[in-house]
**Student:** 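Take this structure, written in structure tokens, and hold onto it; I'll ask about it next.
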Amino acid sequence: EYFMLYEIINFLISPSHQEGSLCPDRCDCQHPQHTMCTNRGLRTVPEPGGQVSEEVLIFSLGGNFIGNISDIDFRRYNNLVRLNLQYNQIQNIHPKAFQNLSNLEELYLGHNLLSDITTGTLQTLKKLTILYGNNNDIKRISPGLFTHLGNLVKLRLDGNSLQDLQDSVFKSLTSLHYLHLESNKVHHIHRKAFSGLTSLRFLNLAHNKQSAVRNALTFSHLAALTTLLLSENEIRYIGANVFRNLKKLSRLSLSNNRISRLDRGALKGLSSLRELLIDGNELEEIPAGLLDSLERIEELDFSRNQISNVDSLAFSQLKHLKVLKLENNMLTSLSGDIFALNNVLYDLDLHGNNWTCDCRLEDLKRWMTAAHSQGKLLTAFLQCQHPEGLRGKYLDYVNSSELQPLEKLPYLCESQSRLEESRGGGVLRREREKWKSKGGKGEVGVQGDQGGVAVAAASTALEKKKPKKVPLRPVEEAVFTRAKGRRRPNVLPRTDPPPIFPTSHAGERHENATETLSATVLVQTGEKYDLLMLNHEESLPVITDPCMFNHYFLTNVSVDHVTSNTVTVYWTTKEHRRYTPAPGPGLDEVHYRIMYDRFGTPERFPRYVYTQGTARSVTLRELSSEVTYMICVEGVVGRSVCQVAPRDHCAGLVTLPAGLSPGWTLTSDLQLLTLATLAANIMLLVVIGGIWLGRRLKRRLQRRKSAVHVRHMYSTRRPFRSALATATASTDFASYQSSRAARLVPHADGDLIEFPCDRFFDSNSVRRDSEMQRFVD
């Protein structure tokens with residue numbers, strides 16, 4: 001009974017009962033402009049109880065089981081602006097179902113079972129701007145279906161079973177901006193299918209069955225088009241001039257097709273294109289001239305193809321190229337000057353190729369180094385696959401001396417002789433030829449011995465010819481001493497061995513190497529000869545490798561001008577040009593590399609900046625705010641770097657919060673920060689002292705106040721009575737009252753009870769007790 005009573009009350013107070021003449025059954029009409037019938041299990045369009053209010057503008061019937069739309073379902077909803085019929089089971093729509101909806105602007109018919117829409121069904125909807133017919137089973141578009149829809153802006157027909165697009169099927173849609181035709185079965189587009197779409201900006205034809213794009217007239221009417229998506233088709237060929245009239249096109253996607261060849265003029269006319277996606281195809285090369293018409297291109301994606309050859313001039317005309325993706329192809333090498341003219345390129349993805357790291361990549365490495373030093377290139381993932389010794393290494397971390405020519409194809413590297421010279425091979429070869437021309441039978445060999453250099457046997461001719469002994473200076477004798485039992489320092493092997501000069505015994509020099517060995521001495525330790533370099537004036541060694549340069553010549557690494565995303569790194573070097581072992585190319589190629597890496601974070605990837613010439617500072621950019629960085633500076637000698645981390649030349653810093661002014665620097669304002677801290681501490685001490693002093697004064701004032709009060713309490717306004725007075729307390733009290741009446745001042749501080757002092761000094765305890773008892777009474 002209680003449940004029935006509750007249902008009755010709920011029915012009486014429900015909005016549908018109160019406005020039963022307006023709201024359809026099982027619907028919600030709380031909002032006067034919106035009739036909500038969504039997800040109510042309806043199988044037909046509900047009828048209103050009476051005349052529909054003119055205020056109803058939105059009718060939502062989505063998520064029900066409605067199967068058919070009759071000609072009378074919406075005859076009372078003359079003022080509807082939006083009608084939502086999505087996610088039903090609608091199979092048929094009567095041709096006159098919408099004849100009274102002349103004000104309708106949005107019609108949603110998506111996710112139903114429609115296979116066809118009869119011509120004339122939409123002809124009365126002249127104000128319609130949005131039409132959704134997606135995810136049905138529409139197989140064809142009837143001629144004249146969109147007649148009189150001149151105000152339509154967005155049309156969705158994706159997710160249907162369309163196979164052909166007939167001529168002039170969209171001709172009446174002169175205001176259409178967005179057309180979705182993806183996820184159909186379109187395999188043929190007539191040459192005038194898009195005629196009349198002069199305002200179209202977005203066209204999606206992805207996920208269809210097109211096999212080729214050949215006809216130049218197919219897209220010739222789309223002069224306002226900015227985005228064209230042709231991905232996920234079966235396109236194998238792109239003909240010439242097919243996009244020539246798309247002067248405003250900025251994004252073109254041809255991803256995941258089967259394109260194996262692009263006609264030389266396939267991209268002609270795309271002067272405004274900024275993004276070209278052609279990844280996931282079967283291209284084998286990028287020839288010269290193919291991309292020249294892309295004057296404004298900023299992003300190119302050629303990933304996941306079969307590209308094995310890229311012409312050195314393929315990207316030469318792309319002055320605005322910023323992003324280039326070539327990952328997961330079959331590239332083995334690239335020309336060194338291929339990106340020389342792409343000055344704004346900052347994202348280059350080269351991973352997933354079959355790179356052979358030999359001398360052919362030296363020029364590319366040099367370009368990458370220069371781009372890093374100028375802060376242009378964020379990263380370029382080029383991971384070596386061949387030779388075996390360099391497998392897995394990134395080209396950024398491979399020394400130039402390791403980029404050797406292929407044993408079977410030495411002619412591929414024109415700079416091979418220059419590479420040998422830079423690695424000291426030319427010096428060694430010249431010394432061998434010089435000795436052999438003098439009748440020598442032996443060779444000078446170079447063996448790595450934990451970073452040291454050992455000289456093997458000398459020739460027989462040199463042994464017969466005794467060289468002159470040159471006495472060592474006192475400083476040399478102090479430094480170069482025989483040390484058989486001393487262990488050699490634990491240093492990794494150098495990649496670039498220093499030039500070898502012939503000698504016979506410790507402390508002896510050959511006459512042909514007198515000038516060279518003026519700063520070089522060979523000392524025998526055990527059974528080996530160590531090549532030790534010493535400067536006689538400053539005790540600095542002759543530079544033979546980058547590790548030695550970092551240790552002896554690089555100093556004073558510091559950071560300054562720290563902001564939220566930038567920092568300036570400074571360093572100094574000692575004069576080093578006179579410590580070169582030979583007048584060759586060694587020190588002429590000295591420059592510096594700055595490594596900076598996030599410290600203490602899991603996402604770590606060191607980045608390098610290279611400087612050329614005499615630069616002794618560099619500004620690092622694109623840092624993250626409030627992140628700790630480790631910054632290290634090292635020298636690059638003969639295009640080689642030390643394989644030991646330069647821990648002595650590193651500095652740490654914490655970037656500033658993003659909201660802090662860029663003009664604030666960590667070093668320059670450190671004193672101001674210290675002074676501000678001291679001032680704050682002094683102010684705090686003053687405040688604490690003031691509080692303490694105030695409390696102390698307050699206590700003293702309270703004590704003085706209480707002392708005055710007690711003095712008034714025990715003040716004697718009359719002379720003390722003698723201790724022998726025998727008057728009783730009542731007499732005293734009476735006399736007090738009589739005198740008080742004459743001298744009473746209302747509300748005076750002296751209006752206190754006065755007691756004779758002798759009463760308190762009486763020696764008779766019994767009398768005192770009795771009098772005190774009377775006082776209490």
**Student:** Please walk me through it: do Leu61 and Leu42 pass side-chain contact (heavy atoms from CB on, under 4.5 Å)?
**Tutor:** CA-CA 8 Å; Leu61 290 163; Leu42 301 174; 4.2 Å; yes

**Student:** Quick one: which residue pairs count as a ring-ring contact (aromatic ring centres under 6.0 Å, His included) with a foot in residues 63-86, not counting sequence neighbours?
**Tutor:**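 Residue pairs passing ring-ring contact (aromatic ring centres under 6.0 Å, His included), neighbours aside: Phe59-Tyr77.
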
**Student:** Could you tell me if the side chain of Leu324 sits less than 4.5 Å from the side chain of Asp347, heavy atoms only?
**Tutor:**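 Heavy-atom side-chain distance check fails, nothing below 4.5 Å.
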
**Student:** Mind checking whether Arg304 and Asn256 have side chains closer than 4.5 Å, heavy atoms only?
**Tutor:**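 In contact.
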
**Student:** Is there a side-chain contact (heavy atoms from CB on, under 4.5 Å) between Thr332 and Trp355 once you walk through the steps?
**Tutor:** CA-CA 4 Å; Thr332 59; Trp355 296 109; 5.6 Å; no

**Student:** Please output the side-chain donor-acceptor pairs of residues 90-101 that fall under 3.5 Å, not counting sequence neighbours, one pair per line with the distance.
**Tutor:**
{"from": "Asn92", "atom 1": "ND2", "to": "Asn68", "atom 2": "OD1", "distance (Å)": "3.2"}
{"from": "His94", "atom 1": "ND1", "to": "Lys96", "atom 2": "N", "distance (Å)": "3.1"}
{"from": "Asn100", "atom 1": "ND2", "to": "Arg75", "atom 2": "O", "distance (Å)": "3.4"}

**Student:** When you compare the side chain of Leu122 with that of Leu107, does any pair of heavy atoms fall below 4.5 Å?
**Tutor:**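 Side-chain contact under 4.5 Å: yes.
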
**Student:** Given Ile278 and Leu283, is the side-chain contact (heavy atoms from CB on, under 4.5 Å) satisfied, shown in steps?
**Tutor:** CA-CA 9 Å; Ile278 197 169; Leu283 292 174; 3.8 Å; yes

**Student:** Do Ser272 and Ser250 have side-chain heavy atoms sitting under 4.5 Å apart?
**Tutor:**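 No, too far: nothing below the 4.5 Å cut-off.
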
**Student:** Run the side chain to side chain donor-acceptor pair (under 3.5 Å) test against Ser624 and tell me which residues pass, sequence neighbours left out.
**Tutor:**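 Here the qualifying residues are Arg598.
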
**Student:** Once ring-ring contact (aromatic ring centres under 6.0 Å, His included) is applied, do any residues pair with His190, and if so which ones, sequence neighbours excluded?
**Tutor:**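 With neighbours one apart ignored, the set is His188.
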
**Student:** To the nearest 0.5 Å, what is the distance between CG (Leu179) and CG (Leu197)?
**Tutor:**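 Interatomic distance, Leu179 CG to Leu197 CG, rounded to 0.5 Å: 6.5 Å.
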
**Student:** Classify the side-chain pair His351/Asn353 by whether it contains a donor and acceptor separated by less than 3.5 Å.
**Tutor:**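 His351 vs Asn353: no donor-acceptor pair found between side chains.
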
**Student:** Only counting residues at least two apart or in another chain, list the ones meeting ring-ring contact (aromatic ring centres under 6.0 Å, His included) with His180.
**Tutor:**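 His180 satisfies ring-ring contact (aromatic ring centres under 6.0 Å, His included) with Phe202 only.
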
**Student:** Using the test ring-ring contact (aromatic ring centres under 6.0 Å, His included), find all partners of His221 that sit at least two apart in sequence or belong to another chain.
**Tutor:**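 Here no residue qualifies.
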
